[in-house]
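The block underneath contains the structure these notes are about, expressed in structure tokens.
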Amino acid sequence: MILQSIKMAWESVRSNKMRSFLTMLGIIIGVMALVVMVSLVNGATGAVTSEISALGNDLLSVSVRDDKGSPLRLEDLTAMAADPMIATIAPDGSMYANVKHGYNEVRSSVMGTTAPYFAIEGLQLKDGRLLKTVDVENAAYVAVLSNDASEELFGGEPALGKTITIDGRSFTVVGTLEKNDSLMASMFRNYEVYVPYTVESRMAGQPYVSSFAVAAAGDTDAAEQAVAKMLLARFDQDDDAFTIINMSSISSAMDTVTGTLSLLLGGIAAISLLVGGIGIMNIMLVSVTERTKEIGIRKAIGAGRGTILMQFLIEALMLSLLGCIFGLLLSALILAIASHIAGTITFSMSADVVLLAVGFSSAIGLLFGLYPANQAAKKHPIDALRYEG
């Protein structure tokens, strides 16, 4: 009986191709809105989350706003690193300067730091070596270049051992870093030069540590509390004197925002599916009216109320699921195009989103098909046979 009802529903859908397509159009648009919007949000937030994770969930970034007359020095950071909650610590002073090699010149960010900084930030060495403790202690005029800075200054030629000038001061290049493939780096050129902190602080006229990076030894929150405790003791218990950015907290916040935004956009897109359901109900009512005599004949030869109800419910469900399938195919095409345009971000349909679309479409088909199917099922056979349209 079910198989026969499916065949009859398919014949009805196929015999009115244009009307069936227009009926499915609301479902198609609704499914596309639901799948594409949620997938775009998930893809974009996933890319941002991975960028944050790449920095390391064990990373703390600290900035000093007001030193209260008791500024931090390098030796103070060394003392802070002795805390068991802290793995490593490094200053990250910065300034902008004109960096030249021969006729090539670039406006670059000059980072003054120490040896542990590269491990904290996850920077990978390509050629040569990184900064050493002895470079900082001796205020050596050596530099490590980012990949973009090296290519801009040396045009792809080896940079090791060659000389660059930073605001007129000569530095020897001792290392170059691997290319940064992160989302932000792909959007902007990453011109950075890393020099010993003792050299950069002298050039910038800032002898004190105003910002530094911390890698937690274990629990990031515990490390944050340890750093905050030490800074509060130094800065007269004024928690406005400094700020601590906890990458672990940012990742958690991003996950919460992503979930909330996906639900919000999914709910907005679901409205389109409801509109599509109203279209299915409207066309099914028209179909019931057009096939009144058919209903009367089927009832006259023994078809029960349940049989008629099932026939029209299956037809409504079929329209909804066909619309869902077409919507999913078009969604996959749109997401593939969006991924190609974005380049560094991949947008794809997750199994959860597909199941949600199929489940919601099925529910819409059954819910909005129930009333027309019930109207057909409760028709009296004599009245249905007498119907002239």
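Count residues from 1 along the sequence.
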Is there a side-chain contact between [X] and [Y] (heavy atoms, below 4.5 Å)?
X      : Y      : answer
Val199 : Phe171 : yes
Leu177 : Leu145 : no
Leu335 : Met349 : yes
Phe212 : Leu72  : yes
Ser362 : Leu321 : yes
Leu74  : Thr198 : yes
Phe242 : Leu232 : yes
Val195 : Ile166 : yes

Tell me if a side-chain donor or acceptor on [X] pairs with a main-chain N or O of [Y] at a distance below 3.5 Å.
X      : Y      : value
Ser361 : Ser320 : no
Thr113 : Pro91  : yes
Asp238 : Phe235 : no
Ser39  : Val36  : no
Asp66  : Lys68  : yes
Asp127 : Thr176 : no

Pairwise distance [atom1]([X]) to [atom2]([Y]) - rounded to 0.5 angstrom:
X      : Y      : atom1 : atom2 : value
Met24  : Ile325 : CE    : CD1   : 9.5 Å
Leu123 : Glu192 : CG    : CD    : 7.5 Å
Ser108 : Met95  : OG    : CE    : 10.0 Å
Leu231 : Asp236 : CG    : CG    : 12.0 Å
Met284 : Met281 : CE    : CE    : 10.5 Å
Phe360 : Leu355 : CZ    : CG    : 14.5 Å

Tell me whether [Y] is reachable from [X] by hopping between hydrophobic residues (I, L, V, M, F, W, Y) whose side-chain heavy atoms are closer than 4.5 Å.
X      : Y      : value
Ile364 : Ile283 : no
Met111 : Ile245 : no
Leu367 : Ile278 : yes
Val174 : Leu125 : yes
Met318 : Ile28  : yes

Does one side chain, of Tyr208 or Gln206, offer a donor that lies under 3.5 Å from an acceptor on the other?
no
Any luck finding a side-chain donor-acceptor pair between Ser211 and Asp92 under 3.5 Å?
yes
Test side chain to side chain contact (heavy atoms under 4.5 Å, CB included) on Val35 and Val354 and set out the steps.
CA-CA 7 Å; Val35 173; Val354 173; 5.9 Å; no
Determine, for [X] against [Y], whether the closest basic-nitrogen to carboxylate-oxygen distance falls under 4.0 angstrom.
X      : Y      : answer
Asp135 : Arg129 : yes
Arg65  : Asp240 : no
Arg234 : Asp67  : no
Glu157 : Lys162 : yes

Non-hydrogen atoms of [X] and [Y] that approach each other most closely:
X      : Y      : answer
Leu60  : Ala223 : CD1-C, 3.8 Å
Ala213 : Ile120 : O-CD1, 3.8 Å
Ser170 : Thr165 : OG-CG2, 4.0 Å
Phe368 : Pro372 : O-CD, 3.3 Å
Val38  : Val353 : CG1-CG2, 3.8 Å
Met32  : Ser331 : CA-OG, 3.3 Å

Go through the steps to decide whether Ile341 and Ile337 satisfy the test side chain to side chain contact (heavy atoms under 4.5 Å, CB included), and finish with yes or no.
CA-CA 6 Å; Ile341 294 173; Ile337 294 172; 3.9 Å; yes
Return yes when atom CD of Glu178 has more than 12 non-hydrogen atoms of other residues, nucleotides or ligands closer than 6.0 Å, and no otherwise.
yes
Atom OH of Tyr141: over 12 foreign heavy atoms under 6.0 Å:
yes
Show the numbers, then the answer: is there a side chain to side chain contact (heavy atoms under 4.5 Å, CB included) between Leu131 and Val142?
CA-CA 8 Å; Leu131 298 179; Val142 294; 4.0 Å; yes
Can you check side chain to side chain contact (heavy atoms under 4.5 Å, CB included) on Val99 and Glu105, steps first, answer last?
CA-CA 6 Å; Val99 183; Glu105 182 175 0; over 6 Å; no
Centroid-to-centroid, Tyr197 to Tyr117, below 6.0 Å?
no
